**Student:** 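Can you read through this structure? Questions will come right after.
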Amino acid sequence: MRRYSRLAAALELGVVAVLLFLTTASGARPAGSGRVLWTSAERATLRSLSLASLAPLPSDPSNRFADDDAAATLGGRLFFDTRLSSNGKVSCGTCHLPELGFQDGVPLGVGVGTAGRRTMPIAGTAYSPWQFWDGRADSQWSQALGPLESPVEHGGDRVQYAHRIAGDYKREYESVFGKFPDLRGLPAQAGPVEDAVRRASWDRIAPSRREEITRVYANIGKAIAAFERRVRFTPSRFDRYVEAVLARRPETPADSFSADEEAGLRLFIGKASCTNCHNGALLTDDHFHNTGVPAAKGTTPLDSGRTVGARQVARAEFNCTSRYSDAGPADCAELKYAVLEGPELVRAFKTPSLRNAATRAPFMHAGQIATLPAVLSHYNRAPAAPAGTSELKPLRLSERELRQLEAFLKTLVSPLDVPSRDSLP
Amino acid sequence: MTTPRSTPRSSARRTALGLALAAGLAFVGACSMFMRMPAEQEFGRERTSTTGLYRAVIRPDGDSIPVGKLQRWTLHLETAEGAPLDSATVSVDGGMPQHGHGLPTKPAVTASLGNGDHRVDGMKFNMTGWWVVKFRVQSAMGADSVVFNLKL
């Protein structure tokens, strides 16, 4: 049995060699060569990267409204409501623009002020145990509560948002979450925010009422998360190509790859070791790595990435083990067994999904790298990190190989499946 | 209760020890970067500990060990003579010698299930390739480590 498979492997190698010889000798590509060039191990890798291998949407035990339709409809409206901000001009959709794949195309997100990092896309984040570049939130709903009270993003506070729900969304809110609390006597603005006046007002509110308001605030996050969960990837040209390869179907224009795209894919899963981190159907391991990305211009102190994110998520007000979470103790295993300290966390950032990445310039956590060729050149050189240690090693790829990798990354582009916005204001 | 005070001498010694330890670790790290995958017989779910005190079997959740998913394992421990070992302190550690990084999570042995079985929670692997998982076992019989090589 073993001898047979070794023989088969040798034969396969021989076939590959002959085909490679033919390709280079004639300068042309033998018809249908793509379908025979992949070994069975490579085919298994291709399958693992394909959207067809994506697991069903995981449940979120910390949010019992995650799969509630009415919550998602309410969440969609809140996502695009600019009145949930200090200046009436900023919604989640200001930075996460649906027409740009839920990001904004600029190095640093701009809301009421300017954020310290690059806006991340939303699609597929329901699969990730960690949100943000540094993973300082451990669910979509707790993530949403960050920007709402950030002075540079929405700039508002939880009492202001509770008044907004009471004024505009009370019926929808109550149909999902039950009775809305009585807000009589509360100031227009108050919350545990940076602003000293609003913070002082918050401290003057009785603890039991603060608790009621914070629960409304958490529910705003839970509704938004129910909406975000439904933003999904659709199959890209890469996925159609893999489907055809696995089915050993002859090429059709709809699922064929050019010679460069095929070579780029081979580099991606082979010599360039991109799948060390960009693996699985979303092309991310949902983990944190230091890849030697240069410091963002004019940022002091240096962004330490996961070092701070890990510390924050462990004691975050809205984490999986918090009183606002619907999870049982056994549901918070990601948090419980997370690595929360160590040298490998320094300037480690979350691996982004490479689906639609080709359309997402500028790149990296603060938009430090402007173009895709420059990203690939970064990987090729593997420069030392400004702090901590880069996990990359120089790749020594040729210009041609870098172009092939780029061609491949462009096959990972597809439209998003977005819940209908009909019900939006 | 008296708290031991550290004298300047002992703290200097501690620093020296720390430095030596760090250097040692760096050395091990540097070597492991060039480490070759062990031979076929070094893989498998049944292993004897380094100095032969214990035998161990890992039982992951299913037949194959998935990538990118938090998992619960059962670790079976017995003495070299085959007596099940329930009363032991076990810690878990591991990583990828060829990449110089550890496990993405901090797994732990969370329960003794009886009959030499121990529950291991928080196992996760975030890429394919050669992984090492090491259990440090401490019992009345002594301390020893069991090293598993996995090919994911």
Side-chain angles (χ1 to χ4, degrees), chain A residues 2 41-42 44-45 47-49 53-55 58 127-130 135 138 269-270 273-291 306 310 314 320 329-345 348 350-351 353 388-393, chain B residues 18 21-23 25-26 28-30 32-35 37 39-41 43 61-73 75 90-111 119-131 133 151-152:
Chain A
R2 172 163 293 167
E42 286 166 342
T45 303
R47 177 190 312 248
S48 73
L49 299 175
S53 304
L54 187 64
Y127 287 85
S128 182
W130 309 111
D138 63 349
I269 67 169
S273 340
C274 308
T275 45
N276 282 359
C277 303
H278 298 282
N279 54 38
L282 296 180
L283 295 115
T284 170
D285 63 353
D286 286 322
H287 197 61
F288 306 90
H289 302 276
N290 182 325
T291 52
R306 183 62 175 162
C320 183
D331 296 323
C332 302
E334 287 280 0
L335 186 61
K336 186 165 179 197
Y337 299 105
V339 175
L340 295 179
E341 51 187 26
E344 71 274 27
L345 272 49
K350 187 168 110 172
T351 311
S353 168
T389 311
S390 171
E391 293 177 34
L392 303 181
K393 295 187 194 69
Chain B
L21 204 76
L25 277 177
V28 170
S32 58
M33 293 294 222
F34 307 103
M35 237 155 113
M37 257 219 293
E40 190 81 30
Q41 65 271 17
F43 286 76
D61 246 354
D63 275 348
S64 66
I65 300 171
V67 170
K69 227 180 116 190
L70 209 61
Q71 309 155 45
R72 170 175 283 180
W73 286 8
L75 169 72
V90 186
S91 65
V92 198
D93 193 359
M96 295 192 91
Q98 287 170 321
H99 295 274
H101 63 70
L103 296 172
T105 53
K106 222 171 58 197
V109 171
T110 50
R119 197 170 68 204
V120 187
D121 271 309
M123 292 300 309
K124 192 172 183 176
F125 305 96
N126 54 334
M127 62 181 272
T128 55
W130 168 37
W131 287 87
V133 176
K151 180 94 190 66
L152 305 191

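Worth saying up front: this structure is predicted, and the values here are computed from it rather than measured. First the proteins, then the strands, lettered A, B, ... as listed; each starts at 1.
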**Student:** With a 4.5 angstrom heavy-atom cut-off, could you sort out which part of Ala338(A) is near chain B: side chain, backbone, both or neither?
**Tutor:** backbone
**Student:** So which part of Pro107(B) gets closer than 4.5 Å to some heavy atom of chain A, the side chain, the backbone, both or neither?
**Tutor:** backbone
**Student:** I need the residue from Asn276(A), Val339(A), Asp285(A) with the largest number of non-hydrogen atom pairs under 4.5 Å to chain B.
**Tutor:**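 Answer, by heavy-atom pair count under 4.5 Å with chain B: Asn276(A).
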**Student:** Between atom OG1 of Thr128(B) and atom CD1 of Ile269(A), what is the distance when rounded to the nearest 0.5 Å?
**Tutor:** 10.0 Å
**Student:** Name the region of Glu334(A), side chain, backbone, both or neither, that has any atom closer than 4.5 Å to a heavy atom of chain B.
**Tutor:**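 Looking at Glu334(A), backbone and side chain both touch chain B.
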**Student:** Contact between Val92(B) and Tyr337(A) at the side-chain level, heavy atoms closer than 4.5 Å - yes or no?
**Tutor:** no
**Student:** For the backbone of Asn126(B) and the side chain of Asn279(A), can you confirm whether one donor and one acceptor N or O come within less than 3.5 Å of each other?
**Tutor:**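 Side chain of Asn279(A) to backbone of Asn126(B): a pair is present.
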**Student:** Where does His278(A) contact chain B at under 4.5 Å (heavy atoms): side chain, backbone, both or neither?
**Tutor:**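 Neither; nothing under 4.5 Å.
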**Student:** Out of curiosity, Lys336(A) NZ to Leu70(B) CG, how far, rounded to the nearest 0.5 Å?
**Tutor:** 11.0 Å
**Student:** Hey, are the side chains of Pro129(A) and Lys124(B) touching, using non-hydrogen atoms and a 4.5 Å cut-off?
**Tutor:**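 Pro129(A) reaches Lys124(B) side chain to side chain.
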**Student:** To the nearest 0.5 Å, what is the distance between SG (Cys277(A)) and NE2 (His99(B))?
**Tutor:** 9.0 Å
